[in-house]
Participant: 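Dropping a structure here in structure tokens format, bear with me for questions.
Both ligands and their constituent atoms are indexed starting at 1 by order of listing. For the single chain, residues carry numbers from 1 onward in sequence order.
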Amino acid sequence: MKLCVIEGDGIGHEVVPAAVRVLRQLIPQLEIVYGRAGWDCFEQTGQALPAATIALAREAQAVLFGACSSPSYAVKGYASPIVQLRHATETYANLRPTRFLPVPTARQGVDLLVVRENTEDLYIGDERTVDAGDTGTATKRITRRASERIAHTAFRLARQEGRRRVTIVHKGNVLPQTDGLFRRVAYEVSREYGDIETDELLVDTAAYWMVKEPTRFDVILTPNLYGDILSDMAAAWGGGLGLAPALNLGDAVAIAEPVHGSAPDIAGQGIANPTAVVLSAAMLVRHHWHKPEIADRIESAVNAALSKGDYTSDILGANGMSTDQFADSICQNLL
Ligand code: NAI
Ligand code: MG
């Protein structure tokens with residue numbers, strides 16, 4: 001069993017080691033290789049995602065990814081490493097569960113799963129400017145093939161996890177050729193899963209209900225951009241971004257990667273919450289390595305630590321535990 005670890009930038013260097021500790025404790029035979037990516041890597045090597053890192057990820061077939069800092073303006077030669085890596089490894093499904101955890105910041109009863117298409121939509125990176133930079137255009141691509149496979153993933157997972165309903169979230173009223181296609185294909189696929197209820201919401205209405213009544217959602221099936229935004233919203237109900245896990249899943253490779261980014265506002269202080277990345281590792285163990293008993297043990301240890309009131313400062317405020325102290329608590333609770 002092999003794992004490629006990419007810490008990335010910022011708090012990636014602080015939270016990823018906690019997940020590595022947990023995995024080493026439970027899977028002593030795990031072989032770990034390290035790859036570089038991110039803004040610091042770009043500044044030092046001229047590449048945000050070196051070919052060597054892609055090769056390591058493909059070879060290991062399992063990746064633990066922290067987060068990379070990406071500037072919000074164009075930098076020649078730079079593109080978001082995680083978006084590139086998802087493409088390079090064909091991890092076409094991004095699974096983002098929000099299950100309320102035993103913390104005061106969580107909303108009781110929320111238990112939903114965002115299934116986000118991970119390879120197309122506006123994130124294909126086909127963006128250009130004309131008119132001396134005063135007009136920008138980006139291509140939104142939706143294909144039948146990608147919509148079909150992500151819809152199957154959503155319905156299959158709904159069935160596996162004993163969930164009742166899949167809600168297709170789109171903006172087909174304004175974008176009938178793209179989101180309309182996604183919606184149509186999702187409904188076609190839904191006919192193969194008669195035991196699962198299917199309904200739909202326009203993305204703006206979905207955002208409204210996500211804030212007002214998050215417990216009404218079960219599985220959300222949605223294109224890339226809406227999935228990115230709605231999963232951060234959902235994370236607020238799970239207790240915060242520091243607790244929100246995710247898994248990028250393909251047929252060959254899986255990338256465990258928390259929903260949060262590199263958090264430059266707290267990076268270097270040793271206070272980031274490692275829960276999101278530890279729970280992402282548990283998703284990798286469950287859905288990619290197919291070892292549910294080990295995934296259960298990781299999740300139980302996190303629950304036990306939080307249930308004791310062991311909190312980092314994103315949950316507690318000022319006097320929270322450090323990243324390492326909370327990682328110790330998780331490891332002590334591993335049975
Ligand atoms: P962010 O998720 O890094 O931070 C948002 C807020 O949540 C901040 O206040 C941060 O301190 C807090 N937060 C996030 N994770 C936390 C944790 N584990 N423990 C405690 N608090 C936590 O989002 P932001 O600030 O919008 O983006 C920062 C950088 O991260 C940007 O350069 C962005 O491009 C990048 N990013 C990278 C991602 C990736 O590589 N997968 C995903 C999202 C953002
Ligand atoms: Mg995001």
Participant: Hydrogens and angles aside, do Ser190 and Glu188 bring a side-chain donor and acceptor to less than 3.5 Å of each other?
Facilitator: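 Absent: no donor and acceptor within the cut-off.
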Participant: Please tabulate protein-ligand N/O pairs under 3.5 Å for ligand 1, atom names and distances to 0.1 Å.
Facilitator:
| residue | atom | partner | partner atom | Å |
| --- | --- | --- | --- | --- |
| ligand 1 | 2 (O) | Gly261 | N | 2.7 |
| ligand 1 | 3 (O) | Gly261 | N | 3.3 |
| ligand 1 | 3 (O) | Ser262 | N | 3.3 |
| ligand 1 | 3 (O) | Ala263 | N | 2.8 |
| ligand 1 | 9 (O) | Asp265 | OD2 | 2.7 |
| ligand 1 | 11 (O) | Asp265 | OD1 | 2.8 |
| ligand 1 | 11 (O) | Asp265 | OD2 | 3.1 |
| ligand 1 | 18 (N) | His260 | NE2 | 3.4 |
| ligand 1 | 18 (N) | Asn273 | O | 3.0 |
| ligand 1 | 19 (N) | Asn273 | N | 2.9 |
| ligand 1 | 30 (O) | Ser262 | N | 3.1 |
| ligand 1 | 30 (O) | Ser262 | OG | 3.3 |
| ligand 1 | 32 (O) | Ser70 | N | 2.9 |
| ligand 1 | 32 (O) | Ser70 | O | 3.2 |
| ligand 1 | 34 (O) | Ser70 | N | 3.3 |
| ligand 1 | 34 (O) | Ser70 | O | 3.3 |
| ligand 1 | 40 (O) | Cys68 | N | 2.9 |
| ligand 1 | 41 (N) | Glu257 | OE2 | 2.7 |

Participant: Enumerate the ring-ring contact (aromatic ring centres under 6.0 Å, His included) contacts for residues 86-117, please, sequence neighbours excluded, ordered by first and then second residue.
Facilitator: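 Passing the test, one end in residues 86-117: no pairs.
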Participant: Over all heavy atoms of both residues, which pair between Gly10 and Glu14 is shortest? Give the atoms and the distance, please.
Facilitator: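 Looking at all heavy atoms of both residues, the shortest contact is O-OE2, 4.0 Å.
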Participant: What orientation do Phe42 and Tyr78 show, parallel under 30°, tilted 30 to 60°, or perpendicular over 60°?
Facilitator: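 Aromatic pair Phe42/Tyr78 classed perpendicular.
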Participant: Run through the protein N/O/S atoms less than 2.8 Å from the Mg ion (ligand 2) and write them out by chain and number.
Facilitator: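 Listed by chain and number, the nearby protein N, O or S atoms are Asp228 OD1.
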Participant: Report, as yes or no, whether the 6.0 Å neighbourhood of atom NZ on Lys291 holds more than 12 heavy atoms from other residues, nucleotides or ligands.
Facilitator: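 Counting other residues, nucleotides and ligands, NZ of Lys291 stays at 12 neighbours or fewer.
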Participant: Run the side-chain contact (heavy atoms from CB on, under 4.5 Å) test against Arg165 and tell me which residues pass, sequence neighbours left out.
Facilitator: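 With neighbours one apart ignored, the set is Thr167, Glu197, Asp199, Asp218.
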Participant: Regarding Arg156 and Glu161, does a basic nitrogen lie under 4.0 Å from an acidic carboxylate oxygen?
Facilitator: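 Salt bridge absent between Arg156 and Glu161.
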Participant: Looking only at heavy atoms, what is the nearest atom pair of Ser231 and Arg96, with distance?
Facilitator: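 Closest approach of Ser231 to Arg96, heavy atoms only: OG-NH1, 2.8 Å.
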Participant: Does Leu241 reach the side chain of Asp232, with side-chain heavy atoms less than 4.5 Å apart?
Facilitator: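 In contact.
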